[in-house]
Amino acid sequence: MNRKIEKEIIRLVDDDEDQRRALRFLLEAAGYEVRDYPSGRDFLVNDEPSVPGCAILDLQMPEMDGLTLLTIMREREYRVPVVFLSAHGDIPSTVEAMKKGSLRT
């Protein structure tokens, strides 16, 4: 039985193109496969939830913030580990993210 083993991927969801590009460069240089998305909506439409890996979400994005995206992911039983990045994080949003199942940030 010859089954193709898919490589795990890191999903980056951040509205800041420079931030996505920099993170993608660092992660790919370390040998990871990366897919990046400019918005939560783009991620939900184009990502393949069956592919294993993790997600790195920006906490504050226009249209759909990272916590809303995480809520939708959990409702859809999207079970990849999630890490939040933010230049504007605070204790209440960190507590909410952890309650919703994100990793410590």
Side-chain angles (χ1 to χ4, degrees):
M1 178 190 256
N2 219 0
R3 208 172 100 181
K4 181 182 174 190
I5 299 174
E6 283 192 83
K7 187 174 182 179
E8 293 179 341
I9 61 168
I10 297 176
R11 299 143 167 99
L12 298 175
V13 185
D14 194 327
D15 61 306
D16 184 321
E17 184 179 349
D18 291 336
Q19 181 76 357
R20 280 194 328 274
R21 190 177 314 138
L23 283 171
R24 182 181 193 120
F25 175 80
L26 288 172
L27 292 167
E28 287 179 341
Y32 294 99
E33 184 174 336
V34 179
R35 293 185 190 158
D36 64 283
Y37 305 93
S39 69
R41 180 167 284 114
D42 187 51
F43 169 79
L44 291 170
V45 169
N46 295 302
D47 192 59
E48 299 174 56
S50 62
V51 177
C54 68
I56 300 174
L57 311 179
D58 184 13
L59 188 59
Q60 292 187 353
M61 296 182 283
E63 297 179 31
M64 180 187 306
D65 65 27
L67 290 172
T68 301
L69 177 56
L70 178 60
T71 299
I72 293 168
M73 290 169 67
R74 295 305 182 234
E75 288 170 355
R76 294 182 180 184
E77 298 184 8
Y78 201 119
R79 299 292 177 203
V80 299
V82 172
V83 176
F84 277 99
L85 289 180
S86 182
H88 309 286
D90 56 26
I91 292 173
S93 61
T94 301
V95 170
E96 185 176 351
M98 290 176 65
K99 284 181 180 179
K100 290 182 177 183
S102 76
L103 301 175
R104 293 177 191 239
T105 57

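Just so you know, these numbers come straight off a predicted model, no measurement behind them.
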| query | For the residue pair D15 and P62, what are the closest heavy atoms and their distance? | reply | OD2-CD, 3.4 Å
| Between M73 and V82, is any pair of side-chain heavy atoms under 4.5 Å apart? | yes
| field | side-chain hydrogen bond (donor to acceptor under 3.5 Å, both in side chains) against R79, all qualifying residues, sequence neighbours excluded | value | none
| request: Please collect all ring-ring contact (aromatic ring centres under 6.0 Å, His included) contacts where either partner lies in residues 39-69, sequence neighbours excluded, each pair once. | output: Y37-F43, F43-Y78
| said: Could you tell me if the side chain of V51 sits less than 4.5 Å from the side chain of K7, heavy atoms only? | reply: no
| request: Would you check if the side chain of R11 reaches a backbone N or O of E48 as a donor-acceptor pair within less than 3.5 Å? | output: yes
| request: Please report the C-alpha distance between Q60 and D65 in whole Å, then the side-chain angles of each, then the deciding distance to 0.1 Å, and finally whether the side-chain contact (heavy atoms from CB on, under 4.5 Å) criterion is met. | output: CA-CA 5 Å; Q60 292 187 353; D65 65 27; 5.7 Å; no
| said: Between V34 and I9, does the side-chain contact (heavy atoms from CB on, under 4.5 Å) criterion hold? Intermediate values first, please. | reply: CA-CA 5 Å; V34 179; I9 61 168; over 6 Å; no
| query | Heavy atoms, side chains only, cut-off 4.5 Å: are L44 and M64 in contact? | reply | yes
| query | Where do D42 and S39 land on the side chain to side chain donor-acceptor pair (under 3.5 Å) test, with the steps shown first? | reply | CA-CA 5 Å; D42 187 51; S39 69; 5.2 Å; no
| note | Rounded to the nearest 0.5 Å, the CZ atom of R35 sits from the CG atom of L27 at a distance of 14.0 Å
| Between R20 (side chain) and D14 (backbone), is there a donor-acceptor pair under 3.5 Å? | yes
| request: Kindly say whether M61 contributes a backbone atom to a donor-acceptor pair with the side chain of D58 at under 3.5 angstrom? | output: no
| query | Is there a donor-acceptor pair closer than 3.5 Å between any side-chain N or O of T71 and the backbone N or O of L67? | reply | yes
| query | Of all heavy-atom pairs between I56 and I10, which one has the smallest distance, and what is that distance? | reply | CD1-CG2, 3.8 Å
| field | salt bridge (Lys or Arg N to Asp or Glu O under 4.0 Å) partners for R24, two or more places apart | value | E28, D36
| field | Approximate separation, where rounding is to 0.5 Å, of L69 CG and F84 CZ | value | 7.5 Å
| query | Taking all non-hydrogen atoms of both residues, which atom of G53 and which atom of P81 are closest, and how far apart? | reply | O-CD, 3.2 Å
| task | State, yes or no, whether a side-chain contact exists between R41 and E63 at a heavy-atom distance under 4.5 Å. | result | yes
